Protein chains: 2
Amino acid sequence: MIASRAAIDGLVRGRSGPPSVCALSDCAECQIRSVSICSDLENDELSAFESLGQCCTFPTRATLFMEGANADVVYNVTSGLVRLFRILPNGRRRVIGFALPGDFLGLPLSEQYGFSADAAELTTACRFPRRLFTDFLYARPHLMRRLYESTSRALEHSHDQVVLVANSGAKAKVAAFLLQQRLRWARVRGMSVTVPLPMGRQDIGDFLGLSISTVSRALTSLARESLILIVPKGVRLLDLPRLQLIAED
Amino acid sequence: MIASRAAIDGLVRGRSGPPSVCALSDCAECQIRSVSICSDLENDELSAFESLGQCCTFPTRATLFMEGANADVVYNVTSGLVRLFRILPNGRRRVIGFALPGDFLGLPLSEQYGFSADAAELTTACRFPRRLFTDFLYARPHLMRRLYESTSRALEHSHDQVVLVANSGAKAKVAAFLLQQRLRWARVRGMSVTVPLPMGRQDIGDFLGLSISTVSRALTSLARESLILIVPKGVRLLDLPRLQLIAED
DNA sequence: CGTGTTCTTGAAGCCGTTCAATGAAAGTGG
DNA sequence: CCACTTTCATTGAACGGCTTCAAGAACACG
């Protein structure tokens, strides 16, 4: 089975768009990035690339790969949500990030995965043997450069995450998280004030370095001030400017 | 004026070493990395590279570049310590990382610097016009790959930083910081239990997301338990295993 | 409809911050 | 070289925010 049409559509997203669109398509936290790289692909290259992939579906809580395991496949998420996390020596879990449809997963060249990944809900992804994938890239300098630029941008976003998580209050963290999610989902479902939150509160807490109760309290607090409206599996952002202010505090 | 001998020595560090040594030479936090890339350079390439550089010295608190400014030069730190930071909308300062001798600075391809950099003490660095530098790299696929791998590794380290800063206690953060600094300085001054801390307490606090007083308290607490010994401009690590345990908590 | 899971909300306690004062060290000018 | 100034580090006490523990409410699933 080769890569689904959906996967390929995801890959070539931005092909006709300006570079700035490609920049937006990088994942905020990790080695995840939608490979806008593919916008540089020639048609014959694209079909060669296409033939490398294979589709998979993962039910909720199914693991895509485990931290420390041999990194022999990379994934392109096509639907659902993937949770990226590490288990600390003290047993706690830290969520590194979330992979949305269009995001790439497992690119790092290290031979082992640096974190674990599992499905937060029913998820489909396109799987590539890592070896073939990286060889394909390394053989094409223009793609290498794109990959480097993409990684570099992911690194900048990781800095943002450090800044956010380090020393701001719970409300600021949650507000920033919501605004961040809004931008990320915009690429998938278009820009909207309704932000999907398929992950649980615990996941958000582990991502922001907050306890589940603090996340819940921050959300209800924002809701009480009519800045957001909590809906099933998501929130509606009612006052973006004020949310931005709170997030920057 | 061309690149000093010291700068070139810094660049070729690891040339004779195994790949694992190169891996160690990546900066933990940022787009900083000692360009172990150069170990792949042929001699003629190396001299061509050498001629691109120019030496500079910066007194304490002198700024190398400001966040948002046009990123038209990259630096290779040859001595001293460079502080990398961002000023948040609320006026606070967040230290993104520290650049040690051998670290590279400003590689990102974005046209503007993503953070500011200034000298934490008397610092010398080797300056390259960014355009020439990146063109030089982009023209050499094997260097591109090294650069990508290096950036990818920096990203993983950034994840570590997120994990550290997010939800561990003050003592754990400080202990982890000390152990981290020890490894980084090992490349410069050799492995030792005496760790230089040329930066101020405030810098450490802004880096770890702690107040200056908490940093001070954590250090004195560790000292009281005979895990470290505080010396001028540094600490001596007396009990590495137990420090490791504390850092992991 | 019942059971298990997730989310919310409350109260107590802890840890880090803030504010403030003291002490130490480094830089400056006579 | 010393006295003065300035900066930095340490320490104390009070406050506040987040966590923990725990119970109840909402929700999803069979």
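In what follows, chains carry the letters A, B, and so on, assigned in the order in which the sequence lines appear, proteins first and then strands, with residues in each chain numbered from 1. The structure presented is a predicted model; accordingly, all values stated were derived computationally and were not measured.
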**Fill in**
Taken to the nearest whole Å, CG/Asn90(B) to C1'/dT18(C) is 15 Å

**Request:** Measure the distance from CG on Leu219(B) to P on dT11(D) and round it to the nearest whole Å.
**Result:** 10 Å

**Request:** Examine distances only and state if a side-chain atom of Ser216(A) and a backbone atom of Thr214(A) form a donor-acceptor pair shorter than 3.5 Å.
**Result:** no

**Item:** N/O (side chain, Arg201(B)) to phosphate O (OP1/OP2, dT10(D)) under 4.0 Å
**Value:** yes

**Complete:** Between CD of Glu121(B) and C1' of dG27(C) the distance, given in whole Å, is 16 Å

**Request:** Check the angle between the aromatic planes of Phe115(A) and Phe65(A) and answer parallel, tilted or perpendicular using the 30° and 60° thresholds.
**Result:** tilted

**Asked** NA contact type, Leu210(A), heavy-atom cut-off 4.0 Å: base, sugar-phosphate, or nothing?
**Response** sugar-phosphate

**Asked** Taking NZ, NE, NH1 and NH2 as the nitrogens, is one of them in Arg61(A) or Asp118(A) under 4.0 Å from a carboxylate oxygen of the other?
**Response** no

**Request:** Measure from the side chain of Ala170(A), starting at C-beta and using heavy atoms only, and say which of dC18(D), dT9(C), dT11(D) lies closest.
**Result:** dC18(D)

**Side-chain N,O (Thr214(B)) to OP1/OP2 (dG16(C)) below 4.0 Å** = no

**Request:** Please report the C-alpha distance between Phe98(A) and Phe207(A) in whole Å, then the side-chain angles of each, then the deciding distance to 0.1 Å, and finally whether the ring-ring contact (aromatic ring centres under 6.0 Å, His included) criterion is met.
**Result:** CA-CA 9 Å; Phe98(A) 303 98; Phe207(A) 178 62; 5.4 Å; yes

**Message:** Base, sugar-phosphate or nothing for Gly209(B)? Non-hydrogen atoms, less than 4.0 Å.
**Reply:** sugar-phosphate

**Asked** Of the nucleotides dA11(C), dT8(C), dG12(D), which one has an atom closest to the side chain of Arg217(B)?
**Response** dG12(D)

**Asked** When the distance from CD of Gln202(B) to P of dT18(C) is rounded to whole Å, what number comes out?
**Response** 10 Å

**Request:** Measure from the side chain of Ile212(A), starting at C-beta and using heavy atoms only, and say which of dC7(C), dT20(D), dT10(D) lies closest.
**Result:** dC7(C)

**Atom-pair distance (CG on Leu208(A); C1' on dT19(D)), nearest Å** = 15 Å

**No-H, no-angle donor-acceptor pair, Arg61(B) side chain to dT7(D) base, under 3.5 Å** = no

**Prompt:** With the threshold set at 4.0 Å, does a side-chain nitrogen-carboxylate oxygen contact exist between Arg92(A) and Glu248(B)?
**Reply:** no

**Message:** Expressed as a whole number of angstroms, how long is the span from Ile230(B):CD1 to dA25(C):P?
**Reply:** 12 Å

**Prompt:** How many Å lie between CG on Leu222(B) and P on dT11(D), as a whole number?
**Reply:** 13 Å

**Message:** Between Thr220(B) and dT11(D), is there a contact of a side-chain N or O with OP1 or OP2 at under 4.0 Å?
**Reply:** yes

**Request:** Among dC18(D), dT20(D), dT11(D), find the nucleotide with the atom closest to the side chain of Ser213(A).
**Result:** dT20(D)

**Item:** Spacing between Leu122(B) atom CG and dA26(C) atom P, to the nearest angstrom
**Value:** 16 Å

